[in-house]
A.B. asks: 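Before I ask anything, here is the structure I am working with.
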Amino acid sequence: MDTILFKNDVEKNQHENAIEVLCDQFPDRCGLIRTRYEKQLSEILPEATIRSYLPIFITRRIRHQLEDEKTARPN
């Protein structure tokens, strides 16, 4: 990814922890989670004024997407 996503190690760790939580909740989708997370982060960053809330917003978005996909998939 060409965009620098993290200002420092603290910010990077916050996002890595958020990705890890999502992977724990959706282990079958873990390969997709990082890609989606980084894509959404790169889209939100230019407009973000308070970066500390980004892991929360992005985690919620991805969780909702994955839950919607899970219910849409036939068993």
Side-chain angles (χ1 to χ4, degrees):
M1 191 157 283
D2 294 342
T3 307
I4 297 173
L5 297 177
F6 315 116
K7 280 186 177 180
N8 54 44
D9 286 340
V10 171
E11 195 172 278
K12 180 179 180 178
N13 289 335
Q14 289 173 335
H15 291 289
E16 290 294 332
N17 289 338
I19 291 169
E20 187 176 311
V21 167
L22 286 167
C23 286
D24 288 346
Q25 293 174 346
F26 301 93
D28 59 324
R29 308 293 284 171
C30 197
L32 179 66
I33 289 170
R34 178 171 298 278
T35 304
R36 283 191 184 181
Y37 191 99
E38 289 177 353
K39 182 178 185 288
Q40 290 197 19
L41 179 59
S42 67
E43 291 171 357
I44 292 173
L45 273 176
E47 303 295 323
T49 55
I50 302 174
R51 295 171 63 112
S52 60
Y53 294 110
L54 293 179
I56 297 167
F57 296 141
I58 297 169
T59 298
R60 285 182 185 166
R61 285 183 180 184
I62 292 175
R63 184 179 295 123
H64 288 286
Q65 289 172 0
L66 294 171
E67 288 171 348
D68 289 346
E69 291 171 8
K70 188 174 185 178
T71 58
R73 275 191 267 164
N75 293 336

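In this chain, numbering begins with 1 at the start of the sequence shown. Heavy-atom basis, side chains included; hydrogens, waters and symmetry copies ignored.
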A.B. asks: Could you list all the salt bridge (charged side-chain N to carboxylate O under 4.0 Å, His left out) pairs where at least one residue sits in residues 55-68, not counting sequence neighbours?
C.D. replies: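 Counting only pairs at least two positions apart or across chains, no salt bridge (charged side-chain N to carboxylate O under 4.0 Å, His left out) contact touches residues 55-68.
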
A.B. asks: Around atom CG of Asp9, are there more than 12 heavy atoms of other residues, nucleotides or ligands at under 6.0 Å?
C.D. replies: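 Atom CG in Asp9 is not crowded, with 12 or fewer foreign heavy atoms closer than 6.0 Å.
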
A.B. asks: Please report the interatomic distance CZ(Arg51) to NZ(Lys7), rounded to the nearest 0.5 Å.
C.D. replies: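 Answer rounded to 0.5 Å: 5.0 Å.
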
A.B. asks: At what distance, to the nearest 0.5 angstrom, does CG of Leu41 lie from CZ of Arg34?
C.D. replies: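 Interatomic distance, Leu41 CG to Arg34 CZ, rounded to 0.5 Å: 11.0 Å.
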
A.B. asks: If you compare all heavy atoms of Tyr37 against all heavy atoms of Ala18, which two are closest, and at what distance to 0.1 Å?
C.D. replies: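 Shortest heavy-atom separation between Tyr37 and Ala18 comes out as OH-CB, 3.6 Å.
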
A.B. asks: Hey, could you give me the CD1/NZ distance between Ile58 and Lys39, rounded to the nearest 0.5 Å?
C.D. replies: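 Interatomic distance, Ile58 CD1 to Lys39 NZ, rounded to 0.5 Å: 11.5 Å.
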
A.B. asks: Which class fits the ring pair Phe6 and His15: parallel under 30°, tilted 30 to 60°, perpendicular over 60°?
C.D. replies: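 Geometry flag for His15 against Phe6: tilted rings.
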
A.B. asks: Where is the tightest heavy-atom contact between Ile33 and Phe26, given as atom of each residue plus distance?
C.D. replies: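 Shortest heavy-atom separation between Ile33 and Phe26 comes out as CD1-O, 3.9 Å.
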
A.B. asks: To the nearest 0.5 Å, tell me how far Arg29 CZ sits from Ile62 CD1.
C.D. replies: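 CD1 of Ile62 is found 11.5 Å from CZ of Arg29.
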
A.B. asks: If we only count heavy atoms from C-beta on, is the Gln25 to Leu66 side-chain gap below 4.5 Å?
C.D. replies: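 Result no, sub-4.5 Å side-chain heavy-atom pair not found.
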
A.B. asks: What's the spacing between Ile44 CD1 and Tyr53 OH if we round to 0.5 Å?
C.D. replies: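 If I round to the nearest 0.5 Å, the distance is 15.0 Å.
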
A.B. asks: Nearest 0.5 Å, what's the CD-OG1 distance between Gln40 and Thr59?
C.D. replies: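 Interatomic distance, Gln40 CD to Thr59 OG1, rounded to 0.5 Å: 9.5 Å.
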
A.B. asks: Grab the two heavy atoms, one from Ser42 and one from Pro46, that are nearest each other, plus how far apart they are.
C.D. replies: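 That would be O-CD, 3.3 Å.
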
